[in-house]
J.: 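Just passing along the structure, written as structure tokens.
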Amino acid sequence: ATKNARTDMKSKKATYNTKKTTYTTKTAASDTAKTTYTTKDNARKSLKSQKYRKANRAARGGYDYSALLGKGYSLNPAWTTANNERTTALNDKNTKATEKSTAETERDTAETSYDTAVDDLTTAQKAEKAMKKATGFGFGAGAGGRAAGKGGTAKSGKKGKKESIFNIL
């Protein structure tokens, strides 16, 4: 029983360590995705007042920008690109957060399983120890401080009279 419990515990520990490593990796990826999203969100926010544009007739190749859609204005390609990058980063951030949460749950489950296996091993070791103690030598072979063969008799305080252990009981 102890051997099986030990093997089970080692297996559960290996699983737990793997899940712990996976969680650490997913946490780092989630943090990176959050940072990327923040960067992309700030880039789009900086173009808030430039969501729409129209060609400026006075300045060749120049544009007039607006936060609101007005006559002659169209969506600014720079804002559209920033918005698409932000949306992609947001989706990535959400995906990474879900993966991190799943990894955390799997890690916690593996830890609980490992803790249970440790408890099972401890219980099996105690049971094995108790079994060995119960099946040990009760009499003879040096038990009780007497020589072998003397386990069943004891001398009373009176000289010459032997008292049997069975008479005591």
Side-chain angles (χ1 to χ4, degrees), residues 1-56 59-138 141-144:
T2 303
K3 187 175 182 180
N4 290 340
R6 184 171 284 125
T7 302
D8 187 43
M9 186 216 47
K10 286 181 180 179
S11 171
K12 302 253 169 119
K13 184 174 184 177
T15 300
Y16 170 60
N17 287 339
T18 300
K19 299 294 183 184
K20 193 165 51 169
T21 301
T22 300
Y23 172 72
T24 303
T25 303
K26 297 293 183 181
T27 299
S30 178
D31 292 346
T32 300
K34 283 180 189 176
T35 302
T36 301
Y37 170 74
T38 301
T39 302
K40 299 296 182 181
D41 188 48
N42 289 337
R44 195 196 71 178
K45 283 178 184 176
S46 71
L47 294 174
K48 183 178 180 181
S49 64
Q50 298 177 11
K51 185 173 181 180
Y52 301 99
R53 75 178 188 175
K54 72 176 181 176
N56 183 334
R60 288 192 140 193
Y63 292 95
D64 291 332
Y65 295 96
S66 173
L68 304 171
L69 182 60
K71 185 177 180 189
Y73 282 88
S74 62
L75 215 50
N76 181 358
W79 183 92
T80 304
T81 300
N83 188 55
N84 291 343
E85 288 175 353
R86 178 190 173 272
T87 301
T88 301
L90 176 62
N91 291 338
D92 189 45
K93 179 185 101 163
N94 292 339
T95 300
K96 301 292 186 200
T98 301
E99 289 174 357
K100 176 187 170 187
S101 177
T102 301
E104 182 177 22
T105 302
E106 289 175 355
R107 181 203 63 187
D108 292 346
T109 301
E111 183 178 20
T112 302
S113 182
Y114 170 64
D115 290 344
T116 302
V118 169
D119 291 343
D120 291 346
L121 176 61
T122 302
T123 302
Q125 287 173 330
K126 285 181 181 178
E128 188 174 287
K129 197 174 203 179
M131 180 68 86
K132 285 180 182 178
K133 197 172 194 178
T135 59
F137 295 106

J.: For Thr122 and Val118, indicate whether the former's side chain and the latter's backbone hold a donor-acceptor pair under 3.5 Å.
T.: yes
J.: If you define the side chain from C-beta out and look only at heavy atoms, does anything of Lys51 sit under 4.5 Å from Leu75?
T.: yes
J.: Applying salt bridge (charged side-chain N to carboxylate O under 4.0 Å, His left out), name anything that partners Lys93, two or more places apart in sequence or on another chain.
T.: none
J.: Output the distance between atom OG1 (Thr39) and atom CD (Glu85), rounded to the nearest 0.5 Å.
T.: 11.0 Å
J.: Roughly how far, to the nearest 0.5 Å, is the CG atom of Asp92 from the NZ atom of Lys40?
T.: 11.0 Å
J.: Are any non-hydrogen side-chain atoms of Arg53 and Pro77 less than 4.5 angstrom apart?
T.: yes
J.: Please report the interatomic distance OG1(Thr15) to CZ(Arg107), rounded to the nearest 0.5 Å.
T.: 15.0 Å
J.: Looking at Ala97, is its backbone amide N or carbonyl O close enough to the side chain of Ser101 to form a donor-acceptor pair, meaning the two atoms are under 3.5 Å apart?
T.: no
J.: Using the salt bridge (Lys or Arg N to Asp or Glu O under 4.0 Å) definition, which of the options Glu111, Glu106, Glu104 pairs with Lys19?
T.: Glu106
J.: Let me confirm one number: the OH-OG distance from Tyr52 to Ser74, rounded to the nearest 0.5 Å.
T.: 10.0 Å
J.: Side-chain contact test, heavy atoms from C-beta onward, threshold under 4.5 Å: evaluate it for Lys129 versus Gln125 and give yes or no.
T.: no
J.: So, the side chain of Thr80 versus the backbone of Asn76: is there a donor-acceptor pair under 3.5 Å, distance only?
T.: yes
J.: Using a 4.5 Å cut-off on heavy atoms from C-beta on, say whether the side chain of Tyr73 contacts that of Asp64.
T.: yes
J.: Would you compute the distance between atom OG of Ser30 and atom NZ of Lys100 and round it to the nearest 0.5 angstrom?
T.: 5.0 Å
J.: If you look at every heavy atom in Ser46 and Ala43, which pair is closest and at what distance?
T.: OG-O, 2.6 Å
J.: State, with a plain yes or no, whether a side-chain heavy atom of Asn56 is found less than 4.5 Å away from one of Tyr63.
T.: no
J.: If you measure from OG1 on Thr109 to OH on Tyr16, what distance do you get to the nearest 0.5 Å?
T.: 11.5 Å
J.: Determine the minimum heavy-atom distance between Arg44 and Asn83, stating which atoms define it.
T.: NH1-OD1, 2.6 Å
J.: Hey, are Arg86 and Asp41 close enough for a salt bridge, meaning a charged N less than 4.0 Å from a carboxylate O?
T.: yes
J.: Test of understanding: with salt bridge (charged side-chain N to carboxylate O under 4.0 Å, His left out), list the residues that count as partners of Lys12, not counting sequence neighbours.
T.: Asp8
